Amino acid sequence: HVRNYTMGDVVARYKMAQGFSVLHPMGWDAFGLPAENAAIERKIHPGTWTRENIANMKAQFRPLGLTLDWSREFATCDPEYYGQQQAMFLDFLDAGLVYRKAAVVNWDPVDMTVLANEQVEDGRGWRSGAVVERRELTQWFFKISDYSEDLLDALDGLDDWPAKVKTMQANWIGKSRGIEIDFHLTAPVEGVDAIPCYSTRPDTLHGASFIAISPDHPLSKALEAEDPAVAAFCVEARKGATTEEAMEKAEKLGHDTGLRVKHPADDRELPVWIGNFVLMEYGTGAVFGCPAHDQRDLDFARKYGLDVRNAFYLPGSSKDVADEALVPPKTEKVRYVSHFAGIQEASSLEAIETTIDWFEEHRLGRGMTRYRLRDWGLSRQRYWGCPIPVVHCDSCGVVPEKKENLPIELPEDVTFDRPGNPLDWHPSWRQVPCPKCGDAARRETDTMDTFVDSSWYYARFTAPRALTPTQAKDAEYWMNVDQYIGGIEHAILHLLYSRFFARAMQICGHLPESAVEPFDALFTQGMVTHAIYQGTNQAGRKEYYFPEEVDLKDGGAFLKEDGREIEIVPSAKMSKSKRNVVNPMDIIAKYGADTARWFVLSDSPPERDVEWTDAGAEAASKHLARVHRLAMEIAGAEEGDSSQDEALLREMHKTIQDVTNGVESFGFNAAIAKLYAFANTLGRSKASSKARREAVATLAQLMSPMTPHLSEEIWQALGKTGMVTAAPWPVADEAMLVEDTVTLPIQINGKRKSEIVVAKDLARAEIEAMALADDQVQKALAGNAPKKLIVVPGRIVNVVI
RNA sequence: GCGGGUGUGGCGGAAUUGGUAGACGCACUUGGUUUAGGUCCAAGCGCCGCAAGGCGUGGGGGUUCAAGUCCCUCCACCCGCACCA
């Protein structure tokens with residue numbers, strides 16, 4: 001978080017200096033919670049988020065040079081915000097965008113926000129995640145799956161999003177074009193007479209040699225009840241499929257049910273197997289196996305001695321599949337064998353479409369497009385969250401709360417002394433009259449997933465205190481978000497949910513049509529990491545040490561306590577257990593916010609991780625102190641002129657250009673390198689104090705997005721009026737960027753050997769003459785004429801010998 | 001397996017997009033200041049070599065007057081997804 005908020009702030013300040021109005025939301029977690037507020041971290045609920053606490057938080061932000069307007073975190077516990085969210089929920093309900101259905105959930109009896117932290121210390125009490133039950137509950141869902149196609153298609157228009165994020169979302173939505181084919185059993189079983197199978201490769205149906213169904217398939221369950229062998233297999237198969245690692249290595253196991261189905265397009269009968277690799281959650285929970293064109297099916301067929309028959313061959317070949325399935329790219333032309341629709345040579349892509357048409361025509365199958373994306377379950381059996389504004393009435397059923405009764409606020413007098421949702425135990429909160437009939441009824445105690453809060457905060461920021469979720473003219477004016485900065489961890493859920501929410505809000509009239517893609521540009525920044533110091537203790541177990549327990553010398557790390565050398569694992573994600581977490585407030589206390597910002601931006605490109613090192617922070621701090629000293633010295637100097645002025649000012653304009661380009665392109669580290677270089681130049685310059693004043697003022701301006709405090713101080717010391725933040729961004733003077741003379745490197749056969757200094761617009765013939773007269777060139781030529789002489793004006797000379 | 005990405009000094013990383021590779025910073029070395037350490041200041045610092053010179057952007061090949069950058073090929077590492085039918 002440190003990094004994305006810092007970067008966001010830099011971009012915002014830069015844009016302000018460019019003359020833009022900036023709406024720049026900032027979260028309280030920008031620099032983490034201060035240590036003395038650790039209690040807040042443990043007990044996050046509205047009672048803690050008093051106005052006083054929020055004011056306190058804002059006060060802590062100001063010295064960091066960060067602006068704080070709102071945050072999606074305290075939005076979660078701010079009735080002013082979640083009241084609007086509840087209003088929107090009711091709109092969504094009207095529009096059919098949210099619905100209830102039964103679903104199996106992993107029910108965690110522990111409200112992890114509070115209880116887990118309370119009681120985990122002694123290792124005995126309730127621990128979040130320790131006693132998870134699978135329960136079937138009636139849950140609320142957003143109909144995000146209705147927007148699968150749109151959410152997928154619209155990714156194409158997001159030109160300023162990282163390809164990686166778009167790919168991840170596309171994979172998550174998981175569109176596939178295929179067909180559902182009924183395979184009829186030779187004899188009905190338990191009232192079932194056909195097994196529908198989904199396939200994206202109906203063109204290979206000729207090569208089908210078995211049907212595999214999931215152990216969770218209704219047919220498996222039916223057989224399981226009667227046949228102990230099937231039951232044993234299914235129990236084993238389900239067990240194996242639980243852990244991810246096991247799944248990766250898991251062997252393809254099968255159990256022959258003895259049942260047979262008719263092949264829909266020829267006269268064969270295919271065996272029906274239960275396969276541990278078939279997922280009930282995807283497709284129909286049943287597949288036809290085509291060993292010749294699917295490696296998994298081939299392995300399975302070889303193992304159990306099933307048929308392997310090619311549905312197609314590579315053109316000009318009739319080699320049957322042996323140990324490797326034939327899976328050419330779908331765009332490649334192949335030669336089909338006795339295809340039902342009469343296809344001979346075609347690409348799989350063409351053949352699939354033709355096959356689907358043929359099956360539909362003969363009423364043997366149903367072409368369909370499937371998506372992996374499932375509806376978004378938003379119910380949480382938790383205290384901390386936005387209450388779902390509905391009431392359960394014995395006579396009216398589920399009744400939406402009246403809008404005038406919003407916000408439905410969370411009660412503050414709750415206890416966390418037993419597992420489950422505290423709202424369920426509250427003595428009175430649930431008891432409300434039915435909004436419809438007025439009889440006694442019960443309030444819904446599920447709260448909303450906090451992803452709901454974060455799915456529309458950007459829209460709320462456009463009118464944070466409006467009495468409706470948004471205000472048309474403000475939303476129209478501010479949306480879309482020009483630049484969104486965040487971590488890659490939000491690539492799928494948060495960013496997909498937000499895209500859905502913007503669409504849903506548009507349907508309900510809360511956002512303009514132009515805002516259905518809420519984020520124009522996305523940048524995913526790297527994390528701040530820190531080395532881990534690890535050693536082994538007497539018991540032979542791994543132990544981690546805090547940085548302050550370690551001496552760094554001679555490139556190694558040594559324990560202060562006994563001088564023992566320990567291992568350094570560089571650049572690791574911060575984790576409490578690895579003892580490598582850097583508390584941002586400590587950094588602020590030790591170096592100041594400017595240094596923290598300067599260092600975090602300077603060390604590596606923003607999309608990569610940056611390793612926090614004391615040495616690096618120290619260097620940043622020293623440099624900023626040097627700039628400060630230099631500025632104060634210049635501020636106090638006499639005016640005058642010097643022959644060195646032009647050189648300094650030329651350098652200044654070049655720096656303006658480079659830094660501007662750097663900030664524009666998110667090349668903060670390179671921009672900061674230029675600022676270092678320019679500060680060094682300025683420090684050595686013998687220019688007049690007039691020119692140096694101009695230079696240092698510009699330096700302060702160019703640094704101001706990164707080091708607002710220092711820049712303001714310099715600005716003031718120079719006697720400038722107003723704030724540097726409000727001053728217009730400096731513009732490079734084109735004329736000052738063009739040098740009168742240029743240094744041209746001279747290459748001989750492409751290797752740099754020498755250089756000449758020439759006037760900017762010297763004629764080509766003269767440059768050639770000078771190059772040929774060069775000592776190095778003379779020596780290399782040894783009296784001969786060069787084969788070729790290349791002059792790239794202003795760039796380079798290459799002599800080919 | 002599929003998808004995305006990255007390989008440049010001891011380290012983090014620059015390179016106006018085909019034109020002086022190693023900017024800037026860290027670490028290190030030397031000198032000055034200081035009682036000393038730190039700070040501060042000056043200088044050095046890709047590799048081999050006393051030097052002249054040679055070699056250098058993961059390996060190999062190619063295009064070009066010129067390649068870190070373009071093309072082909074191989075290798076390594078990181079991230080995401082994954083019995084997805």
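Letters A, B, ... are given to chains in the order of the sequence lines, protein chains preceding strands, and every chain is numbered from 1. Being a predicted model, the structure only gives us computed values, none of them experimental.
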For A/Gly207 and A/Pro291, work out which heavy atoms get closest and say how close. O-CD, 3.7 Å
Is the glycosidic angle of B/U17 within 90° of 0, making it syn, or outside that range, making it anti? syn
Could you tell me if the ring centre of A/Phe599 sits under 6.0 Å from that of A/Trp612? yes
Are A/Phe277 and A/Phe300 near enough that their ring centres are under 6.0 Å apart? yes
Ignoring the backbone of A/Ala615, work out which of B/C24, B/C84, B/A27 is nearest its side chain. B/A27
May I ask you to say what A/Pro605 touches in the nucleic acid, namely base, sugar-phosphate or nothing, with a heavy-atom cut-off under 4.0 Å? sugar-phosphate
Within the structure shown, what part of the strands sits under 4.0 Å from A/Asp658 by heavy-atom distance: base, sugar-phosphate, or nothing? nothing
Donor-acceptor side-chain pairing of A/Asp774 and A/Ser754 below 3.5 angstrom: yes
Base, sugar-phosphate alone, or nothing: which one does A/Lys787 contact when heavy atoms must sit under 4.0 Å apart? nothing
Can you check the A/Phe277 CZ to B/C83 P distance for me, whole Å? 13 Å
Charged N-O contact under 4.0 Å between A/Arg692 and A/Glu633: yes
Between the side chain of A/Thr284 and the main-chain N/O of A/Pro196, is any donor-acceptor distance below 3.5 Å? yes
Between A/Tyr198 and A/Lys674, name the one whose nearest nucleotide on RNA chain B is closer to the 5' end. A/Lys674
A/Arg608 side chain, from C-beta outward: closest of B/G4, B/U6, B/C65: B/U6
Tell me whether the side-chain N/O atoms of A/Arg752 come closer than 4.0 Å to OP1 or OP2 in B/A21. no
Should A/Arg795 be listed as having a side-chain N or O under 4.0 Å from OP1 or OP2 of B/G18? no
Quick note, A/Ile796 side chain, CB onward, closest among B/G19, B/C65, B/A85 is B/G19
Reckon A/Asn276 has a side-chain N or O less than 4.0 Å from the OP1 or OP2 of B/C83? no
Is the closest basic N to carboxylate O distance between A/Lys252 and A/Asp297 below 4.0 Å? no
Sorted by position of nearest nucleotide on RNA chain B, 5' first, the leading residue of A/Ser604 and A/Ser176 is A/Ser604
A/Asn798, nearest nucleotide to its side chain (from B/U20, B/G19, B/G12): B/G19
Which part of the nucleic acid, if any, lies within reach of A/Arg370 when heavy atoms closer than 4.0 Å are counted: base, sugar-phosphate only, or nothing? nothing
So A/Val792, base contact, sugar-phosphate only, or nothing? Heavy-atom distance under 4.0 Å. base
Between B/A27 atom P and A/Asp603 atom CG, what is the distance in whole Å? 12 Å
Between A/Tyr676 and A/Phe678, is the gap from one ring center to the other below 6.0 Å? no
Is A/Asn171 touching bases, backbone alone, or none of the nucleic acid, heavy atoms closer than 4.0 Å? nothing
Using the P atom on both, measure B/C77 against B/C72 and round to a whole Å. 23 Å
Whole-Å distance, A/Ile213 CD1 to B/A85 C1', equals 15 Å
Nearest-angstrom distance from the residue atom CD1 of A/Ile746 to P of B/A66: 18 Å
Is it the case that more than 12 heavy atoms not belonging to A/Lys686 sit under 6.0 Å from its NZ atom? no
So if I take every side-chain heavy atom of A/Arg296 and compare against B/A42, B/G3, B/C83, which nucleotide ends up nearest? B/C83
Donor-acceptor contact present, side-chain A/Glu360 to main-chain A/Gly367, <3.5 Å: yes
Is B/G9 in the syn or the anti form, by the rule that syn lies within 90° of 0? syn
Is the gap between the ring centers of A/Phe523 and A/Tyr484 under 6.0 Å? no
NZ/NE/NH1/NH2 to OD/OE distance under 4.0 Å, A/Lys175 and A/Glu149: yes
A/Ile173 atom CD1 is separated from B/G80 atom C1', nearest whole Å, by 15 Å
Which one, B/G12, B/A43, B/C65, comes nearest to the side chain of A/Arg684? B/A43
Check this for me: does the side-chain of A/Lys252 come within 3.5 Å of the base of B/C83 through a donor and an acceptor? yes
In whole angstroms, how far is the P atom of B/C24 from the CZ atom of A/Arg626? 13 Å
Take atom CG of A/Leu205 and atom C1' of B/A85, then tell me their distance rounded to the nearest Å. 13 Å
Say we look at B/U34 and B/A42: how far apart would their C1' atoms be, to the nearest angstrom? 16 Å
Taking only N and O in the side chain of A/Asn680, is any of them less than 4.0 Å away from OP1 or OP2 of B/G25? yes
Expressed as a whole number of Å, how far does the C1' atom of B/A14 sit from that of B/U57? 12 Å
Close N/O contacts between protein and nucleotides 52-61 of chain B (under 3.5 Å):
residue: B/G54; atom: OP2; partner: A/Lys753; partner atom: NZ; Å: 3.4

Taking both distances under 3.5 Å as the test for a Watson-Crick or G-U pair, what stems of at least three pairs does RNA chain B have? B:1-7 with B:75-81, B:10-12 with B:24-26, B:28-32 with B:40-44, B:46-48 with B:53-55, B:58-62 with B:70-74
Can you check the distance between B/G54 and B/C2, where both ends of the measurement are the P atom (answer in whole Å)? 46 Å
Selection from B/A85, B/G4, B/C65 that lies nearest to any side-chain heavy atom of A/Lys164: B/G4
Contact class for A/Val610 vs. all strands (heavy atom < 4.0 Å): base, sugar-phosphate, or nothing? nothing
Looking only at B/G13, B/A82, B/A85, the nucleotide nearest the A/Arg372 side chain is B/A82
Using atom CH2 of A/Trp612 as one end and atom C1' of B/G12 as the other, report the distance to the nearest whole Å. 14 Å
Between A/Phe183 and A/Phe288, how do the two ring planes meet: parallel, tilted or perpendicular, split at 30° and 60°? tilted
For a quick check of understanding: with a heavy-atom distance under 4.0 Å over all strands, which category does A/Tyr282 fall into, base, sugar-phosphate or nothing? base
If the C1' atom of B/U20 is compared with that of B/G25, how far apart are they to the nearest Å? 22 Å
Among B/G12, B/C65, B/C84, which nucleotide sits nearest the side chain of A/Ile790? B/C65
